[in-house]
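Report on the structure given below.
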Amino acid sequence: MSVQILQFLKELQVNNNRDWFHENKARYDIIRKEYLETVQELINRIALFDPEIAGLEAKDCMFRIYRDIRFSPNKLPYKNHLGAYIAVGGKNSLRSGYYFHLEPGNSVISGGLWRPEPRLLKLLRQDMYDQMEEFIEIIEDPAFKAIYPALEGEKLKRMPAGYPGDFPHSELLLYKDFCLSNVVEDSFFEKENWLDEVVDMYKKQVPFHRFLNYTVDEFLGRV
């Protein structure tokens, strides 16, 4: 399945124009349907160990392939990837969740929080500071670290105000995003059990999401 999707995206990369896309719209409709079916299968299987996402529909998690070029210097009309964000509330959720990204040469099994708004970021940073031992235990767990060796995301250049400069894990307080990422080669999707491996990668993320979402839910007034 994903092999065919990647092939379409490879062709789109070198033919990123409306004429080509319209000529191949029927192909896109087929691969979009297959991608949605895969995302739905991921949702159903993730829900077995993370019941919060049970009942999500893939169509509410998948991002559009059409780019918003109104304020961008890059005027290519289409993205060169397909992506879906699996979290309570779907693709626009504020909560930490699972991200499935298919792109030739850069497919990613990812997750976390990207660009939380400033008020939420402030709360996340404070809770991380207050519960740093718990957070360190999560991200330094050998099974977790084997898949996600380091946090990723934009960082501040200096320690945020109000925190001691000699704090032992000060580098973690610099993050403005809290993302996990495991890049897989195109050949990964040729394996018979690739979906099982992806589900296992997502399973390792659960403690990470629960740590962050405690703060997110507090921010949203759910707890």
Closest contact, heavy atoms only, [X] versus [Y]:
{"X": "Leu172", "Y": "Met132", "result": "CD1-SD, 3.7 Å"}
{"X": "His209", "Y": "Gly97", "result": "CE1-O, 3.0 Å"}
{"X": "Ala58", "Y": "Val39", "result": "CB-CG1, 3.8 Å"}
{"X": "Tyr66", "Y": "Lys25", "result": "OH-CE, 3.7 Å"}
{"X": "Ile43", "Y": "Cys61", "result": "CD1-SG, 4.0 Å"}
{"X": "Pro164", "Y": "Met159", "result": "O-CE, 3.3 Å"}

Donor-acceptor pair, [X] side chain versus [Y] backbone, under 3.5 Å?
{"X": "Tyr35", "Y": "Met62", "result": "no"}
{"X": "Ser170", "Y": "Asp166", "result": "no"}
{"X": "Asp177", "Y": "Cys179", "result": "no"}
{"X": "Glu57", "Y": "Gln40", "result": "no"}
{"X": "Ser93", "Y": "Val88", "result": "yes"}

Inter-residue atom distance [X].[atom1] - [Y].[atom2], 0.5 Å rounding:
{"X": "Leu36", "Y": "Lys59", "atom1": "CG", "atom2": "NZ", "result": "9.5 Å"}
{"X": "Asn193", "Y": "Asp200", "atom1": "CG", "atom2": "CG", "result": "10.5 Å"}
{"X": "Leu123", "Y": "Glu117", "atom1": "CG", "atom2": "CD", "result": "9.5 Å"}
{"X": "Thr215", "Y": "Gln131", "atom1": "OG1", "atom2": "CD", "result": "9.0 Å"}
{"X": "Glu190", "Y": "Leu6", "atom1": "CD", "atom2": "CG", "result": "9.5 Å"}
{"X": "Leu180", "Y": "Ile139", "atom1": "CG", "atom2": "CD1", "result": "9.0 Å"}

Does [X], at its [atom1] atom, have more than 12 non-hydrogen atoms belonging to other residues, nucleotides or ligands within less than 6.0 Å?
{"X": "Glu185", "atom1": "CD", "result": "no"}
{"X": "Glu137", "atom1": "CD", "result": "no"}
{"X": "Arg32", "atom1": "CZ", "result": "no"}
{"X": "Glu140", "atom1": "CD", "result": "yes"}

Strictly by modelled atom types, are [X] and [Y] linked by a side-chain donor-acceptor pair under 3.5 Å?
{"X": "Asn24", "Y": "Arg27", "result": "yes"}
{"X": "Asn213", "Y": "Ser96", "result": "no"}
{"X": "Tyr148", "Y": "Gln205", "result": "yes"}

Can you say whether the rings of [X] and [Y] are parallel (under 30°), tilted (30 to 60°) or perpendicular (over 60°)?
{"X": "Tyr78", "Y": "Phe21", "result": "parallel"}
{"X": "Tyr129", "Y": "Tyr163", "result": "perpendicular"}
{"X": "Phe189", "Y": "Phe100", "result": "perpendicular"}
{"X": "Tyr85", "Y": "Tyr99", "result": "tilted"}
{"X": "His169", "Y": "Phe167", "result": "perpendicular"}

Chi angles and distances behind the salt bridge (Lys or Arg N to Asp or Glu O under 4.0 Å) call for Asp217, Arg95: CA-CA 8 Å; Asp217 287 342; Arg95 302 182 91 242; 2.8 Å; yes
Could you walk me through whether Tyr175 and Trp114 pass ring-ring contact (aromatic ring centres under 6.0 Å, His included), step by step? CA-CA 10 Å; Tyr175 279 95; Trp114 184 64; over 10 Å; no
When hydrophobic residues are tied together by side-chain contacts of less than 4.5 Å, even through go-betweens, does [X] share a cluster with [Y]?
{"X": "Ile5", "Y": "Ile30", "value": "no"}
{"X": "Val108", "Y": "Met201", "value": "no"}
{"X": "Phe63", "Y": "Leu76", "value": "no"}
{"X": "Leu220", "Y": "Leu120", "value": "yes"}
{"X": "Val14", "Y": "Val3", "value": "no"}

Lys/Arg-Asp/Glu bridge criterion (N-O < 4.0 Å) met for [X], [Y]:
{"X": "Asp29", "Y": "Lys33", "result": "no"}
{"X": "Asp196", "Y": "Arg45", "result": "yes"}
{"X": "Glu103", "Y": "Lys79", "result": "no"}
{"X": "Arg210", "Y": "Asp50", "result": "no"}

[X] vs [Y] side-chain heavy atoms within contact, under 4.5 Å:
{"X": "Val184", "Y": "Val198", "value": "no"}
{"X": "Val183", "Y": "Ser181", "value": "yes"}
{"X": "Lys155", "Y": "Lys176", "value": "no"}
{"X": "Ser110", "Y": "Asn182", "value": "no"}
{"X": "Arg115", "Y": "Leu121", "value": "no"}
{"X": "Leu42", "Y": "Tyr202", "value": "yes"}
{"X": "Leu9", "Y": "Asn80", "value": "no"}
{"X": "Arg125", "Y": "Met128", "value": "no"}

Could you walk me through whether Phe211 and Leu124 pass side-chain contact (heavy atoms from CB on, under 4.5 Å), step by step? CA-CA 10 Å; Phe211 182 94; Leu124 287 162; over 6 Å; no
Under the salt bridge (Lys or Arg N to Asp or Glu O under 4.0 Å) rule, what do Lys145 and Asp141 come out as? Steps first, then yes or no, please. CA-CA 6 Å; Lys145 201 171 179 65; Asp141 177 84; over 6 Å; no
Apply side-chain contact (heavy atoms from CB on, under 4.5 Å) to the pair His81 and Leu102, showing each step before the final yes or no. CA-CA 6 Å; His81 65 269; Leu102 283 184; over 6 Å; no
